[in-house]
2 protein chains.
Amino acid sequence: IRNEDRDFIVKELSEMHYADITEMLYYLNTEDCRYILDSLSPRVGADVLSELEEDIRVEFLKSFSSKELLRYIDYVDSDDAVDILNEQPVKVREEVLSHMQDKEKANNILELLHYDEDCAGGLMAKELIKANVNWTVLQCIEEIRRQATKVDKIYTVYVVDDHDVLLGRVSLKRIILAKDEAKIKDIYVPEIAMVNTFQAEEEVAELMQKYDLEVIPVVNVQGKLQGRITIDDIVDVITEQAEIDQQAMAGISESVEPNDSVITMSRARLPWLIVGMFGGLLGAKFIGIFENELTLVPAMAFFIPLITATGGNVGIQSSTIVVQSMASSPSVQETMAERFFKVLLVAIVNGLVIAGLVFVFNYFLGDSSLAFVVSAALFSVVMLASFMGTITPIVLDRFGINPALASGPFITTTNDLLGLAVYFSVAKVLLHM
Amino acid sequence: IRNEDRDFIVKELSEMHYADITEMLYYLNTEDCRYILDSLSPRVGADVLSELEEDIRVEFLKSFSSKELLRYIDYVDSDDAVDILNEQPVKVREEVLSHMQDKEKANNILELLHYDEDCAGGLMAKELIKANVNWTVLQCIEEIRRQATKVDKIYTVYVVDDHDVLLGRVSLKRIILAKDEAKIKDIYVPEIAMVNTFQAEEEVAELMQKYDLEVIPVVNVQGKLQGRITIDDIVDVITEQAEIDQQAMAGISESVEPNDSVITMSRARLPWLIVGMFGGLLGAKFIGIFENELTLVPAMAFFIPLITATGGNVGIQSSTIVVQSMASSPSVQETMAERFFKVLLVAIVNGLVIAGLVFVFNYFLGDSSLAFVVSAALFSVVMLASFMGTITPIVLDRFGINPALASGPFITTTNDLLGLAVYFSVAKVLLHM
C-alpha cells in the first residue's frame with residue numbers, strides 16, 4: 001500500500017507500540033509486511049514477531065532464511081523464541097540455534113524445547129534475576145546491572161541457595177530501601193507460591209488467580225529454580241480456555257479460527273452435527289411407534305417442537321450453572337443434598353410456570369383436548385431435563401471429560417429423545433389409547 | 001469446629017497465605033469465621049476481607065459494628081475498601097470514613113466512591129508512587145521510602161509534571177541502576193498506554209491484554225494521574241465476562257451463583273424459557289395449518305425433531321464462530337465477502353453430508369417415500385441456519401446487544417420456526433399436495 005518514502009515509514013513506526021505495528025501487519029500482504037519488518041530495529045521487530053498470531057507467523061516466516069530469523073531471535077524472550085522455533089522446520093531450528101551468538105540463551109532455548117506447550121515448563125521464560133541468599137544487596141544490584149539488557153522486565157528478584165534451590169524472593173522496593181551492605185538473607189521473603197515444570201497450564205492459571213500474582217517461579221522436582229511464568233501468558237491461557245468451553249457448548253470439536261480452511265471448519269463441526277442427526281433419526285423411529293395414535297390425533301404432532309425445545313433449553317441452563325459452579329470456588333456452605341434440593345425446587349417452579357402458561361393458552365385458544373396432556377408432559381420434561389442437565393457435567397467431570405461439553409449438543413440430543421418418550425407416554429396414558 | 005487452643009490457631013494461621021485462609025472460611029459458620037478473623041493481625045484480616053466473595057462478605061459483615069470494620073479498613077487497598085464500603089449501609093459507611101485515622105486515604109476512598117463499579121475509575125486504586133519529572137533519583141527514592149508502608153506492591157513509578165499531568169513512567173530497575181543525582185527527566189520512558197476514568201472495564205481489559213501490561217495508569221480528562229489498575233482485577237473482569245457470555249449462550253438472563261436463592265434462580269431462567277415456549281406454541285399453530293397433510297402422511301411428523309435439532313445445532317455453531325471472531329483480532333487478511341463465501345461453502349459441505357447420510361438411512365432402512373423430502377428440507381435448513389447464525393450476532397452487535405445472546409435460545413427458537421416452515425413447504429411442494 002505504501003511503497004514510498006522509507007525514512008517517513010521508519011519515523012512513523014518508531015513512534016508506534018509494537019502491538020499496534022503487529023495489528024497493522026494483519027491488513028497488509030506478505031511483501032509489505034516484510035518491508036515494514038526490515039525497516040524496524042531488530043529489537044522492535046522481535047517484539048512484533050512474538051506478538052503475531054501463530055498461524056499467520058508460520059505463513060510469514062516461510063519466506064525467511066535461518067540467517068534472517070537469527071537477526072531477531074537474539075532479542076526475543078526465551079519463551080517466545082521457543083514458540084517461534086517450534087513452528088519452524090527442524091533444519092531451520094538447528095541452524096538458528098547453532099549460529100546464535102549468545103550461547104547461554106541458545107542453551108536455555110534448547111532446554112525449553114523439551115517441554116510440552118501446555119505445561120508450566122512450556123510457558124516459562126528463562127529471563128530472570130536470581131540472587132544467592134548469602135549475597136549483599138550491592139552484589140544483587142551488580143547482578144541486576146549485568147543482566148539488565150537481557151531481562152526486560154524485572155518483576156522480583158528470586159533468592160536461591162548454593163544449589164540453586166529456590167528459597168524465596170525479594171522485591172525491588174526492598175532492594176532500593178535497603179542499605180548496600182545489607183544481606184539478602186535478612187530481607188528476603190520466603191516464597192510460598194511456586195509451580196513445578198510439569199504442572200498443567202490450567203493449574204498455573206488457577207494458582208496465579210487465587211494468589212493475585214503477576215509472576216510465578218517455576219522449579220524442578222529438586223526445587224531448583226528453572227524459570228518464571230508471567231501473567232500475560234496466563235491471561236492468554238484463561239481467554240483460550242473460555243473460548244474452548246464456548247466451542248464445547250456450541251458443539252465444535254476442534255478449536256477453529258475464522259481464517260481456517262473450509263475443510264478444517266467442516267471437520268470441526270460435523271461430528272456433533274452427526275451425533276445430532278442420529279438423535280433425530282432415533283427420534284423419528286421412536287415417533288414411528290406411535291403412528292396409529294398420530295393418525296387418530298394428528299394434533300399430537302403439533303407440540304413436538306415445544307416439548308423438545310423446552311427440554312433443550314432447560315437442560316442447557318441447568319448444566320451451565322453446574323459447570324460454572326464447578327469452575328469457581330468450592331461448594332460454599334452448602335451440602336450436596338441442599339444443592340440438589342434447590343435444583344429440584346427451581347425445576348418445580350420453572351415447570352409449573354411453563355406448564356401453567358401453556359395450559360392457559362391451549363385451553364382458551366384452541367386444542368383444549370390436548371391441553372392437559374401437553375402441560376403434564378411439559379412439567380415432566382422440565383423436571384427430567386433439569387436432572388439430566390445437573391448430573392451430566394458431574395459425571396463427565398468424573399471421567400475426565402471437559403464438563404462444558406454437557407451444555408452442548410450432547411444434552412440437547414439426549415433431552416430431545418427423553419422429551420419425546422415422556423410426551424408420547426403421557427399422551428398414551430392420559431388419552432387411554 | 002475447633003474452639004480449642006487459641007495460640008495453636010494463631011500459629012497455624014500465621015503460616016498460611018491469606019487466600020488459603022479465605023478459602024477455609026467458606027467451610028465454617030459465621031461464628032467460627034469471626035473467631036478466626038479476630039485471631040489474625042489486622043493486616044492479614046484486611047487481605048482476607050478483600051478476598052471474600054461479595055455476597056458472603058455482605059452476610060458476614062452484617063454482624064460487624066463500624067468500629068470493628070474500622071480496624072481492618074485502614075489496611076485494605078483503596079479499591080477494595082471502596083468495594084467493601086459500597087456494600088455497607090450508608091450509616092456504617094459514613095461512620096467508618098469519618099473515623100479513619102489516615103485522612104488522606106479517607107479522602108481517596110470518598111473520591112473513588114463516586115465512580116461506577118464497571119468503569120476504569122471504579123477499578124482503580126489510589127496507592128501508587130509518583131515522581132515529579134524535575135526530581136532527582138534520590139528524591140524519588142525518598143518518596144518510595146515515605147510511601148513504603150502504604151503502597152504494598154510498586155509496579156512502576158509514574159512521572160508527572162508540576163500539574164500532576166502524567167508524562168510517563170520509570171521502572172524500579174532503572175532507578176536501581178541510575179546514579180542518585182540523575183534526573184528523572186533523563187531516565188523516564190514516555191507513557192503510551194493509559195486509560196481515562198470513564199472508560200469501560202472491557203476496554204481496559206482489552207488494552208492491557210493487547211500491550212501485555214501488569215498495571216495501567218488512570219488519568220482524568222485533563223490528563224492528571226488519578227490512580228492505577230492492576231492486572232489481577234482485570235483477570236477477574238475477563239473471567240466474569242466469559243461467564244456472562246456462557247450464561248447468555250445458555251439463556252440465563254441475570255448472573256447467578258449456585259448459592260443464590262430459588263427465586264433468583266428461577267427469575268434468571270424463566271424469561272428465555274418463556275420465549276422458547278412462545279416459539280413452541282407458534283410452531284404448534286404453524287404445524288396445525290398442515291393438519292390435513294399430516295393425517296394423510298403421518299410419517300411427516302416423525303422427522304420434526306430431526307429438522308429442528310439440526311437447525312438449532314448449526315445455528316449455535318455458526319453464531320459461536322462469529323462471536324469469537326468478533327471478540328478476537330480484526331478480520332485478518334480477509335474481506336467481508338471472502339468471509340461470507342467461506343461460511344457458505346462450509347454450510348454446503350455440512351448440508352450435503354448431513355442430508356446425504358439421512359437420505360441413505362431413510363432410503364435403505366424404511367421410509368423411502370419421504371427420504372428425498374426430508375433430505376431436501378435438511379439441506380435447506382442447514383443453509384438457512386448457517387446464514388441466520390452468522391448474521392444475528394453481527395446485527396445484535398450493531399444494536400449494542402451482547403452478541404453472545406445470539407448463540408442462545410434466541411437463535412434456537414428462530415431456527416426451530418424457520419426449520420418447520422422450510423420442512424412443511426418443501427414437503428407440500430415435493431409431495432404435490
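Throughout, a chain's letter reflects where its sequence line sits, starting with A, and its residues are numbered from 1.
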Determine the option with the most heavy-atom pairs under 4.5 angstrom with chain B, choosing from [options].
options                                : answer
A:Arg269, A:His17, A:Arg145            : A:Arg269
A:Met208, A:Gln209, A:Arg174, A:Gln241 : A:Gln209
A:Leu213, A:Val346, A:Ile316           : A:Val346
A:Val358, A:Val151, A:Leu172           : A:Leu172
A:Ile154, A:Ile354, A:Leu345           : A:Ile354
A:Ser318, A:Ser171, A:Gly315, A:Gly279 : A:Ser318

Atom pair [atom1] ([X]) and [atom2] ([Y]), whose distance is rounded to the nearest 0.5 Å:
X        : Y        : atom1 : atom2 : value
A:Ile231 : B:Asp232 : CD1   : CG    : 8.0 Å
A:Thr230 : B:Asp212 : OG1   : CG    : 7.5 Å
A:Ile144 : B:Ile176 : CD1   : CD1   : 4.5 Å
A:Ile129 : B:Lys173 : CD1   : NZ    : 7.5 Å
B:Leu378 : A:Leu273 : CG    : CG    : 10.5 Å
A:Asp416 : B:Ile304 : CG    : CD1   : 12.0 Å

Please determine, among [options], the option with the most heavy-atom pairs under 4.5 Å with chain A.
options                                : value
B:Thr310, B:Leu357, B:Asp236           : B:Leu357
B:Val262, B:Thr295, B:Asp245           : B:Val262
B:Ala242, B:Ala193, B:Gly276, B:Gly251 : B:Gly251
B:Ala250, B:Ala268, B:Ala205           : B:Ala250
B:Leu281, B:Asp233, B:Thr412, B:Thr308 : B:Leu281

Side-chain donor-acceptor pair present, A:Gln246, B:Gln246, cut-off under 3.5 Å: no

For the residue pair A:Gln247 and B:Gln317, confirm or rule out a side-chain donor-acceptor distance under 3.5 Å. no

Applying side chain to side chain contact (heavy atoms under 4.5 Å, CB included), run through B:Val235 and A:Ile238 and close with a yes or a no. CA-CA 8 Å; B:Val235 169; A:Ile238 294 172; 3.7 Å; yes

Side chain, backbone, both or neither: which part of [X] has a heavy atom under 4.5 Å from chain B?
X        : value
A:Phe290 : neither
A:Ile263 : neither
A:Asn313 : both
A:Leu282 : neither
A:Tyr155 : side chain
A:Val343 : neither
A:Thr22  : neither
A:Ser266 : both

Under 3.5 Å: donor-acceptor pair, side chain of B:Lys342, backbone of A:Met265: no

Please confirm whether the backbone N or O of B:Ala299 pairs with a side-chain atom of A:Glu291, one donor and one acceptor, at under 3.5 Å? no

Closest heavy-atom pair, B:Glu243 versus A:Gln324, reported as atoms and distance to 0.1 Å, is O-NE2, 3.1 Å

Whatever's closer than 4.5 Å to a heavy atom in chain A on B:Ile234 counts as neither

Please check if the distance between the ring centroids of B:Phe278 and A:Phe361 is under 6.0 Å. yes

Suppose we screen for salt bridge (charged side-chain N to carboxylate O under 4.0 Å, His left out). Which residues come up paired with A:Asp20, at least two apart in sequence or across chains? B:Lys210

Got a sec, which residues hit salt bridge (charged side-chain N to carboxylate O under 4.0 Å, His left out) with A:Glu51, two or more places apart in sequence or on another chain? none

Could you tell me if the side chain of B:Leu294 sits less than 4.5 Å from the side chain of A:Phe302, heavy atoms only? yes

Considering only heavy atoms from C-beta outward, does the side chain of B:Pro305 approach that of A:Leu417 to under 4.5 Å? no

